[in-house]
Amino acid sequence: MTDQYAVIGNPVAHSKSPLIHAEFARQTGQVLTYVALHAEDAAFETVVQRFRVAGGRGMNVTLPFKHRAFALASQRTPRAEYAQAVNTFTFEGDLARGDNTDGVGLVRDLTVHLRCTLAGRRILLMGAGGAAYGVCAPLLDAEPATLVVANRTREKAVRLCAHFGAHLLAARLSPSNYAELAGMQFDLVINATSAGLSGAMPALPRGLYASGALAYEMAYGRPTAFLAHAHVEGARTADGLGMLVEQAAESFHVWRGVRPRTEPVLALLRRQLAA
Ligand code: NDP
């Protein structure tokens, strides 16, 4: 039987993952199927189980189920434990191994596609939700000079920083709210909030961007107030499409043991979004 993979979410019809994985499979000569599976809120665990029993080899998990996938996994990788969320399942017999490839996806997009140096740099991570948890450890692993986590609800940023307290470079991590950022400067500002979805943006002080700084919006497919503001402030800007493709490539590598080339797939998605 052909190896079967899927992405599960709600909504999921808009997901680019089936296209991305089909391109990866074609490019690397891997024979597999990859479909999108919609799950009603109450049915997430049932849909996962049904897919496993039918012979599914692996699954990506998207909103709003990453935390429930974490709970469902029978074994978790260290990066899933740090993220407290699972976006990649590998099924082997009774085992459901939960992994998280979002963070490595972001770091690869930043360092490979955007040629951004992270070591020794001052990084601001905006938001303290699921996406911020997912990227924090890989950002620290890249040895920045500082990593400030700013959130509208400051206590959540404090909680996030405490969660990463055991990381070797935890001393470089500090919590903040947006007002406290006044007078600071950063080489990289990452928007991991969902503010853009409602046309809003966190209340950032002026003058946050150091010379040559990059503003990175994790969302993709639409212009956001954050990116417009960063442009006016003189920063280089990027959206999260590259992160999407890179986290998929990492999942593909986990499942198939081969690393696909991401540039052509990213270029294809960019052409589709521009059309
Ligand atoms: P969560 O719902 O877990 O977290 C939302 C965060 O946004 C919280 O920190 C919240 O602050 C903040 N927020 C929401 N509205 C506002 C606002 N108006 N002003 C200031 N802060 C606000 O979402 P996720 O972490 O899961 O996702 C965040 C973003 O990352 C989404 O846009 C998502 O699409 C994107 N993403 C992209 C990926 C990719 O591959 N490119 C992968 C994963 C996520 P508070 O705590 O104060 O409420």
Side-chain angles (χ1 to χ4, degrees), residues 66-67 70 78-85 100-111 114 116-196 200-219 224-227 229-230 233-238 240 243 247:
K66 292 183 186 182
H67 293 295
F70 180 80
R79 54 192 186 184
E81 291 287 354
Y82 260 136
Q84 295 284 288
N100 193 303
T101 64
D102 281 337
V104 86
L106 169 70
V107 168
R108 276 220 187 97
D109 188 32
L110 287 169
T111 55
L114 298 164
C116 180
T117 304
L118 302 179
R121 298 299 163 93
R122 298 158 293 178
I123 303 178
L124 171 61
L125 178 62
M126 295 158 52
Y133 271 80
V135 301
C136 212
L139 285 174
L140 280 176
D141 291 343
E143 305 188 2
T146 54
L147 176 57
V148 176
V149 179
N151 197 46
R152 180 175 60 180
T153 314
R154 195 182 191 283
E155 305 88 85
K156 286 195 200 166
V158 171
R159 219 176 301 145
L160 182 150
C161 292
H163 175 70
F164 291 91
H167 192 284
L168 218 55
L169 299 181
R172 301 186 192 182
L173 189 61
S174 58
S176 177
N177 60 24
Y178 294 115
E180 289 168 348
L181 299 173
M184 294 188 197
Q185 281 213 313
F186 297 91
D187 305 296
L188 171 63
V189 178
I190 301 166
N191 186 12
T193 76
S194 51
M201 76 164 262
L204 289 179
R206 304 288 308 270
L208 212 56
Y209 294 96
S211 168
L214 174 69
Y216 190 96
E217 171 70 84
M218 269 200 204
T224 65
F226 166 73
L227 288 179
H229 172 265
E233 291 275 303
R236 197 157 69 95
T237 58
M243 175 179 173
Q247 62 78 28

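Keep in mind that this is a model prediction, so the values were computed, not measured.
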Hey, does [Y] have a side-chain heavy atom less than 4.5 Å from the side chain of [X]?
{"X": "Leu173", "Y": "His167", "answer": "no"}
{"X": "Asn151", "Y": "Leu160", "answer": "no"}
{"X": "Met243", "Y": "Val135", "answer": "yes"}
{"X": "Glu143", "Y": "Leu169", "answer": "yes"}
{"X": "Leu147", "Y": "Cys136", "answer": "yes"}
{"X": "Phe226", "Y": "Val189", "answer": "yes"}
{"X": "Leu214", "Y": "Leu110", "answer": "yes"}
{"X": "Tyr133", "Y": "Asn100", "answer": "no"}

Give the minimum heavy-atom separation between [X] and [Y], together with the two atoms involved.
{"X": "Ala166", "Y": "Tyr82", "result": "C-OH, 4.1 Å"}
{"X": "Val104", "Y": "Pro138", "result": "N-CG, 4.0 Å"}
{"X": "Pro202", "Y": "Ala195", "result": "CD-CB, 3.9 Å"}
{"X": "Ala215", "Y": "Leu227", "result": "O-CD2, 4.0 Å"}

So, the side chain of Arg172 versus the backbone of Leu140: is there a donor-acceptor pair under 3.5 Å, distance only?
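Between the backbone of Leu140 and the side chain of Arg172 there is no qualifying donor-acceptor contact (under 3.5 Å).
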Any donor and acceptor pair, going by atom type alone, linking the side chain of Gln185 with main-chain N or O of Gly207 inside 3.5 Å?
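At least one qualifying donor-acceptor pair exists.
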How long is the straight-line distance from [atom2] of [Y] back to [atom1] of [X], given to the nearest 0.5 Å?
{"X": "Leu181", "Y": "Met184", "atom1": "CG", "atom2": "CE", "answer": "5.5 Å"}
{"X": "Thr101", "Y": "Arg79", "atom1": "OG1", "atom2": "CZ", "answer": "6.5 Å"}
{"X": "Asn191", "Y": "Leu204", "atom1": "CG", "atom2": "CG", "answer": "8.0 Å"}
{"X": "Thr224", "Y": "Met218", "atom1": "OG1", "atom2": "CE", "answer": "13.0 Å"}
{"X": "Glu217", "Y": "Thr193", "atom1": "CD", "atom2": "OG1", "answer": "6.5 Å"}

Going by the rule ring-ring contact (aromatic ring centres under 6.0 Å, His included), which residues pair with His229 if we only count those two or more places apart in sequence or in a different chain?
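His229: no ring-ring contact (aromatic ring centres under 6.0 Å, His included) contacts found.
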Side-chain donor-acceptor contacts of residues 118-126 below 3.5 Å, not counting sequence neighbours, with atom names and distances?
from   : atom 1 : to     : atom 2 : distance (Å)
Arg122 : NE     : Asp187 : OD2    : 3.1
Arg122 : NH2    : Asp187 : OD1    : 3.0

Check the pair Leu139 / Ile190 against side-chain contact (heavy atoms from CB on, under 4.5 Å), numbers first and verdict last. CA-CA 11 Å; Leu139 285 174; Ile190 301 166; 3.8 Å; yes
